[in-house]
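Let me begin by presenting the structure, written as structure tokens, before commenting on it.
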2 protein chains.
Amino acid sequence: MTGRKRLTAQSVVDAASAIVDAEGTSALTLSRVARELGVKPPSLYNHVIGLDSLLRDVALMATEDFADRLGAAAMGRTGPAALRAVAAEFRAYAKAHPGLYELSAQARPHDEEYARASMRPVEPVIAILRGYDLDEKESIHAVRTLRAALHGFVSLESIGGFGLDVDVDESFAWLVASLVEALESDTTRG
Amino acid sequence: MTGRKRLTAQSVVDAASAIVDAEGTSALTLSRVARELGVKPPSLYNHVIGLDSLLRDVALMATEDFADRLGAAAMGRTGPAALRAVAAEFRAYAKAHPGLYELSAQARPHDEEYARASMRPVEPVIAILRGYDLDEKESIHAVRTLRAALHGFVSLESIGGFGLDVDVDESFAWLVASLVEALESDTTRG
DNA sequence: TGAATAAACTAATAACATTAGCTCAGGCTG
DNA sequence: CAGCCTGAGCTAATGTTATTAGTTTATTCA
């Protein structure tokens with residue numbers, strides 16, 4: 001038999017990501033991953049530490065990917081246009097990768113590296129807000145508000161939390177406009 | 001042995017709620033509940049259909065309770081004061097019952113009764129917005145925005161998503177003020 | 001008092017995570 | 001070039017969980 005499977009840590013993470021995205025975090029089992037890869041469950045232990053660790057790896061990769069996309073969306077833009085672009089990309093990512101988005105939004109207590117990685121998606125927002133005339137505290141309030149609103153919206157949307165009667169795109173535009181406006185008026189106020 | 005345990009469906013749900021709140025949804029197992037109640041796991045099946053169903057029951061009860069509290073907070077208030085009171089209660093509930101809040105925010109596809117129950121916490125917000133001069137569509141956008149922002153904030157807070165440097169209470173006040181302001185200005189604009 | 005019922009139990013099955021120890025193929029060393 | 005070492009698969013086994021089947025027992029009610 002020449003064609004042994006030749007797994008790698010990467011291929012295991014990739015298979016796990018696909019499962020998470022297609023069927024949600026709770027569908028991720030090592031048995032399932034092994035089946036997907038044509039291998040027996042114990043073989044996976046040559047490449048990953050265990051289920052927990054695999055989940056963490058998937059979450060880490062998703063978070064990096066998400067951050068990269070937000071950064072790319074912000075690039076070359078400032079002010080309201082930048083905010084709108086980042087917001088749109090935020091929502092697009094959550095829509096395209098519901099499982100990975102959900103996973104990346106989960107906390108992992110006692111994991112310093114993960115905590116650091118979780119800050120990366122926020123950086124583009126911080127950068128955009130530098131263009132506004134906010135003092136340091138205000139700026140942090142604004143970042144938290146933006147993040148909360150975007151996260152809340154895409155979470156609710158992805159779990160089907162909105163009724164079907166009114167266009168969700170329009171609601172999202174309304175939300176983003178409200179945030180932009182709040183920022184403007186806060187800046188103006190002083 | 002006179003002192004048989006005498007479980008009831010309610011006591012099982014209560015024990016489950018306590019576990020969910022103390023240690024999160026993933027800590028809820030029937031074995032765990034049984035141990036807590038001084039009983040063997042199969043005995044629970046006399047009172048609940050299974051783990052899935054128990055989770056649903058806990059979520060349903062949490063959602064009802066949450067809705068009641070939001071309704072009570074709104075009572076006797078209108079306009080910005082009502083919004084602030086509901087927002088405060090929203091956050092207080094999520095803080096006091098992190099596991100139950102998280103569970104109640106999860107979707108359950110193909111569950112009509114649950115979908116209906118999930119609408120109840122939104123009702124106080126809808127009622128408050130009737131005091132604003134919004135057309136029907138605008139009003140739905142506003143409800144979605146408010147809900148998203150509140151849900152996003154408390155979710156992020158409960159998973160420790162905010163750094164520790166700046167006061168989170170202040171950020172929450174900022175968020176609520178922004179929302180109130182956006183509503184006012186939208187109403188004024190027409 | 002005796003039968004019916006409810007609610008506990010024990011025993012058993014199946015899915016999963018994880019560990020231990022075995023085997024084989026390919027590359028490296030002498 | 002031969003033998004060994006290592007990496008990566010495997011089988012077997014253990015422990016935890018959910019769940020079902022079938023049994024027992026206590027309480028209630030006629």
Side-chain angles (χ1 to χ4, degrees), chain A residues 1-61 99 102-103 106 108-111 114, chain B residues 1-61 99 102-103 106 108-111 114:
Chain A
M1 239 185 275
T2 346
R4 283 297 257 267
K5 305 297 167 174
R6 301 273 97 204
L7 295 185
T8 64
Q10 190 59 51
S11 64
V12 176
V13 171
D14 289 346
S17 297
I19 293 168
V20 165
D21 239 0
E23 300 169 46
T25 304
S26 62
L28 184 66
T29 66
L30 289 182
S31 294
R32 181 67 199 286
V33 174
R35 213 176 308 136
E36 213 75 49
L37 291 169
V39 124
K40 304 289 172 174
S43 306
L44 298 176
Y45 286 84
N46 288 314
H47 306 283
V48 298
I49 296 170
L51 180 61
D52 279 353
S53 160
L54 177 58
L55 263 165
R56 178 188 184 272
D57 291 345
V58 172
L60 212 48
M61 164 162 297
E102 182 204 348
L103 193 56
Q106 271 172 222
R108 329 201 127 247
H110 318 302
D111 187 333
Y114 189 80
Chain B
M1 242 184 274
T2 342
R4 282 296 257 269
K5 306 297 167 173
R6 301 271 98 203
L7 293 186
T8 63
Q10 190 58 51
S11 64
V12 176
V13 171
D14 289 347
S17 296
I19 293 168
V20 165
D21 238 1
E23 301 169 43
T25 304
S26 62
L28 184 67
T29 67
L30 289 182
S31 294
R32 181 68 199 286
V33 173
R35 212 176 309 136
E36 213 77 48
L37 291 169
V39 124
K40 304 289 173 174
S43 307
L44 298 176
Y45 286 84
N46 287 314
H47 306 282
V48 298
I49 296 170
L51 179 61
D52 279 353
S53 160
L54 177 58
L55 263 164
R56 177 188 184 272
D57 291 346
V58 172
L60 212 49
M61 163 162 297
E102 182 205 349
L103 193 56
Q106 271 173 222
R108 331 202 124 246
H110 318 301
D111 187 332
Y114 189 81

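Just the heavy atoms: all of them, side chains too, but no hydrogens, waters or symmetry mates, feed the values below. Keep in mind it's a predicted model, so treat the numbers as computed, not measured.
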Worksheet item: Tell me: CG of D52(B) to P of dA15(C), nearest whole Å?
Response: 16 Å
Worksheet item: To the nearest Å, how far apart are N46(B) CG and dA21(D) P?
Response: 14 Å
Practice prompt. Show your working on side chain to side chain contact (heavy atoms under 4.5 Å, CB included) between L44(A) and L7(A) and close with a plain yes or no.
Written response: CA-CA 8 Å; L44(A) 298 176; L7(A) 295 185; 3.9 Å; yes
Worksheet item: When the distance from CG of L28(B) to C1' of dA18(D) is rounded to whole Å, what number comes out?
Response: 12 Å
Discussion item. If I take atom CZ in residue R32(B) and atom P in nucleotide dT16(D), what distance separates them, rounded to the nearest angstrom?
Written reply: 15 Å
Worksheet item: Rounding to a whole Å, what distance do you find between Y45(B):OH and dT23(D):P?
Response: 20 Å
Worksheet, complete the sentence: CD (E36(A)) and OG (S31(A)) are apart, to the nearest 0.5 Å, by 12.0 Å
Discussion item. With a cut-off of less than 4.0 Å, is there a side-chain N or O of T29(B) near OP1 or OP2 of dT16(D)?
Written reply: no
Fill in: Between dT17(D) (C1') and R35(B) (CZ): distance, integer Å
10 Å
Worksheet item: Going through the distances and angles, do L28(B) and V33(B) end up as a side chain to side chain contact (heavy atoms under 4.5 Å, CB included)?
Response: CA-CA 7 Å; L28(B) 184 67; V33(B) 173; 3.6 Å; yes
Item to complete: Under 4.0 Å between any heavy atoms, over every strand shown, what does S43(A) touch: base, sugar-phosphate, or nothing? Just pick one.
Response: base
Worksheet item: Does a nitrogen or oxygen in the side chain of H47(B) sit under 4.0 Å from OP1 or OP2 of dA6(C)?
Response: no
Item to complete: When you get a sec, tell me which of dG9(D), dA8(C), dC9(C) is the closest nucleotide to the side chain of P42(B)?
Response: dC9(C)
Discussion item. Counting C-beta onward and ignoring hydrogens, is there a side-chain heavy-atom pair between L55(A) and R108(A) closer than 4.5 Å?
Written reply: yes
Fill in: Interatomic distance, L30(A) CG vs dT17(D) P [rounded to whole Å]
17 Å
Worksheet item: dT17(D) P sits how many Å from L51(A) CG, rounded?
Response: 15 Å
